[in-house]
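Heads up: the structure comes next, in structure tokens.
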Amino acid sequence: MHPHYYSYLIFWLLVTTILFKYGYCESSSIGIGYQFTLPVVVGISSGRAYLMESSNEIKNEPNFKVALSVEAIEEKFFCCLEVFLGDVKVWNSCHYTRFYMVDKCVLDFTQDGVLNLKGSKDTIGWTTATSGQGVQRLQILRTGNLVLVDGLNNIKWQSFNFPTDVMLWGQRLNVATRLTSFPSNSTSFYSLEIKNNKIGLYLNSGDSSYSYWEFKPSMNRNLTFMALSSKGLELFNDQGKKIAQIRSRKYDPPLRFLALGNKTGNLGLYFYSPSKAQFEASFQALNTTCDLPLACKPYGICTFSNACSCIRLLKEEEEEGVGSGCGEGFRGGFCGGGVGGKNEVDMVELEDVKSVLRDYDHDYRRGNNVSKTQCLEMCLDDCKCVGASFNSQACFLYKLVGGLKQVDRGSGMSFLVKVPKGSTTSGTHGKSNVKKWVVILVGVVDGMIILLVFGGVAYYLIRKKRNSHGDTPHN
């Protein structure tokens, strides 16, 4: 029997009692005065109750549902109001700020037209703040927009105005708005941002923002907003005229949503496949692993075989017991703590390595028509700089060593990594050792994969030949 069997039983008895008391709303609207309570049960990591469901004109496709949920993280419980399309969460109230509570989560639709999430002692953790606006109903529209409307069906509050990491068909996002996504294993976050001349994907780390993909209208035309149609993502100017479009594949069904990947930071356009009963991507901005911003950990390089290699910069006698060796010992930065001055650091060059991250929006962090030596000096002069990307056209400075990928030999690209003085063997000989180590490691990783592939093919051919001669052993 499951160790939490009785906890599950008690939880669902409570939910069943609540649903019997308040009712499961099969319609697409709820009136003022409605209240629903979802209890917290120790030993259960999550609980969810569906409150509303939209009607759907598209056959064989899932409807939108509104749910109240309780989830546990690090032994604490938080409460969210959520919108689902099938099993895909397309909006939630705790995307940016979680409401933590102790024993229960209450959805309270007050007589004054305010929708609140409350905990014990009537503590309010989230609110629509729509008091005095004549709100009468909470509705889920066929577009997936969760709205509060007055008696004349005028929208007073809508979830479309508070985008998360998903953009739905029919939703409109204006310049200076963005979608955001938060990887669970990183302090950084991704964003899809709409600017005057482009849309772009960004990795945000501390006070820095690095672009890793962008799409611009032709002829430098300015855009005002974007919307998702059934056939693609469309960009419009201030007169409402379409000026650019990212199209879905020709024969795919109509698009349902755009999503910014929580794990990868990739951008995708998604349609529903009735035959597979799931959503599939019709378009993805990045199609190879090594183009993803966090394909490898900091101080790691994504190789041609889509494997990750650590940059090991420590002295040979200190390498034992280091573990991964991915920048351990100096990831904290070079400002303060006695480390950071030009005389206290070295720069190590990694040839035929580049970063997929760029800081296009801040010219003061980029130098054009500079030599490799000048690029190196620019990073040495800035204690916040931990690395620099150099090619024949530009020098980019970085506050993180990430997004690194291997490129073809002779590309003219290199990445310069700042390290504490003495962390490599002294002199140019030490720098050469580091470069050799990276090349050798990459070769070993790729070579192992090639050997495994050819070994498997050889084994298959030998077995096939034996079978054809009746040499297969019998039991």
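Since the model is a prediction, treat every value here as computed from it, not as a measurement.
For the 3.5 Å distance criterion, the side chains of Asp408 and Ser411 fail to qualify, holding no donor opposite an acceptor. Using modelled atom types and a 3.5 Å distance limit, the side chains of Arg358 and Tyr202 yield no donor-acceptor pair. Side-chain atoms of Thr224 and Asn237 include no donor-acceptor pair closer than 3.5 Å. Between Ser355 and Tyr210, the side chains place no donor N or O within less than 3.5 Å of an acceptor N or O (distance only, hydrogens not considered).
Geometrically, Lys65 does not engage Phe84 in a cation-pi contact, judged by NZ or CZ lying under 6.0 Å from the ring centre and within 45° of the ring axis.
Residues that satisfy the side-chain contact (heavy atoms from CB on, under 4.5 Å) test with Ser205, not counting sequence neighbours, are Ser188, Leu400. Residues satisfying the side-chain contact (heavy atoms from CB on, under 4.5 Å) test with Cys296, not counting sequence neighbours, are Cys302, Cys308. For the side chain to side chain donor-acceptor pair (under 3.5 Å) test, no residue two or more places apart in sequence or in another chain qualifies with Asn197. Qualifying salt bridge (charged side-chain N to carboxylate O under 4.0 Å, His left out) partners for Asp87, counting only residues two or more places apart in sequence or in other chains: none. For the side-chain contact (heavy atoms from CB on, under 4.5 Å) test, residues two or more places apart in sequence or in another chain that qualify with Lys242 are Glu234, Phe236, Gln245. In this structure Glu193 satisfies the salt bridge (charged side-chain N to carboxylate O under 4.0 Å, His left out) test together with Arg178, Lys195, sequence neighbours excluded. The side chain to side chain donor-acceptor pair (under 3.5 Å) search around Asp150 returns Asn154, not counting sequence neighbours. Taking Lys241 as the reference, nothing meets the salt bridge (charged side-chain N to carboxylate O under 4.0 Å, His left out) condition, with sequence neighbours excluded. The salt bridge (charged side-chain N to carboxylate O under 4.0 Å, His left out) search around Lys231 returns none, not counting sequence neighbours. Ala285 is linked by a side-chain contact (heavy atoms from CB on, under 4.5 Å) to Leu201, Trp213, Asn266, Leu267, Phe283, counting only residues two or more places apart in sequence or in another chain.
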Kindly indicate, with the supporting measurements, whether the criterion side-chain contact (heavy atoms from CB on, under 4.5 Å) is fulfilled by Leu235 and Phe215.
CA-CA 10 Å; Leu235 310 183; Phe215 177 77; 3.7 Å; yes
Assess whether salt bridge (charged side-chain N to carboxylate O under 4.0 Å, His left out) is satisfied between Arg48 and Glu82, documenting all intermediate values.
CA-CA 10 Å; Arg48 177 173 297 125; Glu82 302 172 326; 3.2 Å; yes
Give the C-alpha distance, both sets of side-chain angles, the deciding distance and a yes or no for side-chain contact (heavy atoms from CB on, under 4.5 Å) between Leu233 and Met167.
CA-CA 10 Å; Leu233 180 65; Met167 179 183 183; 4.3 Å; yes
Set out, in order, the CA-CA distance, both residues' side-chain angles and the distance that settles side-chain hydrogen bond (donor to acceptor under 3.5 Å, both in side chains) for Tyr96 and Thr164, then state yes or no.
CA-CA 8 Å; Tyr96 291 102; Thr164 55; over 6 Å; no
Determine, stepwise, if the pair Val386 / Phe334 fulfils side-chain contact (heavy atoms from CB on, under 4.5 Å).
CA-CA 7 Å; Val386 296; Phe334 298 92; 3.8 Å; yes
Between Leu146 and Leu141, does the side-chain contact (heavy atoms from CB on, under 4.5 Å) criterion hold? Intermediate values first, please.
CA-CA 6 Å; Leu146 186 65; Leu141 304 183; over 6 Å; no
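In this structure a side-chain-to-backbone donor-acceptor pair under 3.5 Å is present from Thr123 to Ser120. A donor-acceptor contact shorter than 3.5 Å links the side chain of Tyr212 to the backbone of Gly265. For His95 (side chain) and Pro163 (main-chain N/O), no donor-acceptor pair under 3.5 Å exists by modelled atom type. In this structure, the side chain of Asn63 engages the main chain of Ser54 through a donor-acceptor pair within 3.5 Å. In this structure a side-chain-to-backbone donor-acceptor pair under 3.5 Å is present from Ser282 to Arg249. Side-chain atoms of Thr97 do not come within 3.5 Å of backbone N or O of Cys94 as any donor-acceptor pair. No side-chain donor-acceptor contact under 3.5 Å links Arg142 to the backbone of Phe64. A donor-acceptor pair is defined here as one N or O able to donate and one able to accept, closer than 3.5 Å; such a pair exists between the side chain of Thr303 and the backbone of Ala307. Remark: side-chain polar atoms of Lys198 are not paired, donor with acceptor, to backbone N or O of Pro217 under 3.5 angstrom.
Side-chain contact between Val166 and Trp91 is absent, with no heavy atoms from C-beta onward closer than 4.5 Å.
The six-membered or imidazole ring of Phe279 lies away from that of Tyr270, with a centre-to-centre distance of 6.0 Å or more. Remark: aromatic rings of Tyr190 and Phe182 are distant, center separation not under 6.0 Å.
The ring-ring contact (aromatic ring centres under 6.0 Å, His included) pairs that include a residue from residues 159-180 are Trp157-Phe162, where partners are two or more places apart or lie in different chains.
Using a 4.0 Å cut-off between a side-chain N of Lys or Arg and a carboxylate O of Asp or Glu, Asp165 and Lys89 do not qualify as a salt bridge. Between Arg256 and Glu61 there is a salt bridge, since at least one side-chain N of the basic residue sits less than 4.0 Å from a carboxylate O of the acidic one.
Aromatic ring orientation, Tyr34 versus Phe36: parallel (interplanar angle below 30°, classes split at 30° and 60°).
Applying the 6.0 Å contact sphere to CG of Asn220 captures no more than 12 heavy atoms from other residues, nucleotides or ligands.
Under the side chain to side chain contact (heavy atoms under 4.5 Å, CB included) rule, Leu115 has a single partner from Thr110, Thr127, Leu81, which is Leu81. Residue Val149 forms a side chain to side chain contact (heavy atoms under 4.5 Å, CB included) with just one option from Gln158, Gln139, Lys156, and that option is Gln139.
Residues Leu286 and Pro293 come closest through the heavy atom pair CD1-CD, 4.4 Å. The shortest heavy-atom contact between Cys385 and Lys418 is O-NZ, 2.9 Å.
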Show every donor-acceptor pair shorter than 3.5 Å between a side-chain atom in residues 102-109 and any protein atom, with sequence neighbours excluded, or say none if there are none.
{"residue": "Asp108", "atom": "OD1", "partner": "Gln35", "partner atom": "NE2", "Å": "3.3"}
{"residue": "Asp108", "atom": "OD2", "partner": "Lys118", "partner atom": "NZ", "Å": "3.3"}

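Of the inter-residue distances, the one linking Gln133 atom CD with Ile155 atom CD1 reads 12.5 Å to the nearest 0.5 angstrom. Distance NZ/Lys399 to CG/Leu357: 14.0 Å, rounded to 0.5 Å. With rounding to the nearest 0.5 Å, the separation of SG in Cys79 from OH in Tyr100 is 12.0 Å. Considering CG of Asn204 and OG of Ser181, their distance stands at 11.0 Å, rounded to 0.5 Å. Note that the CZ atom of Phe415 and the CE atom of Met347 stand 8.0 Å from one another [nearest 0.5 Å]. One distance of note links SG of Cys375 with CG of Asn391; it measures 9.0 Å at 0.5 Å rounding.
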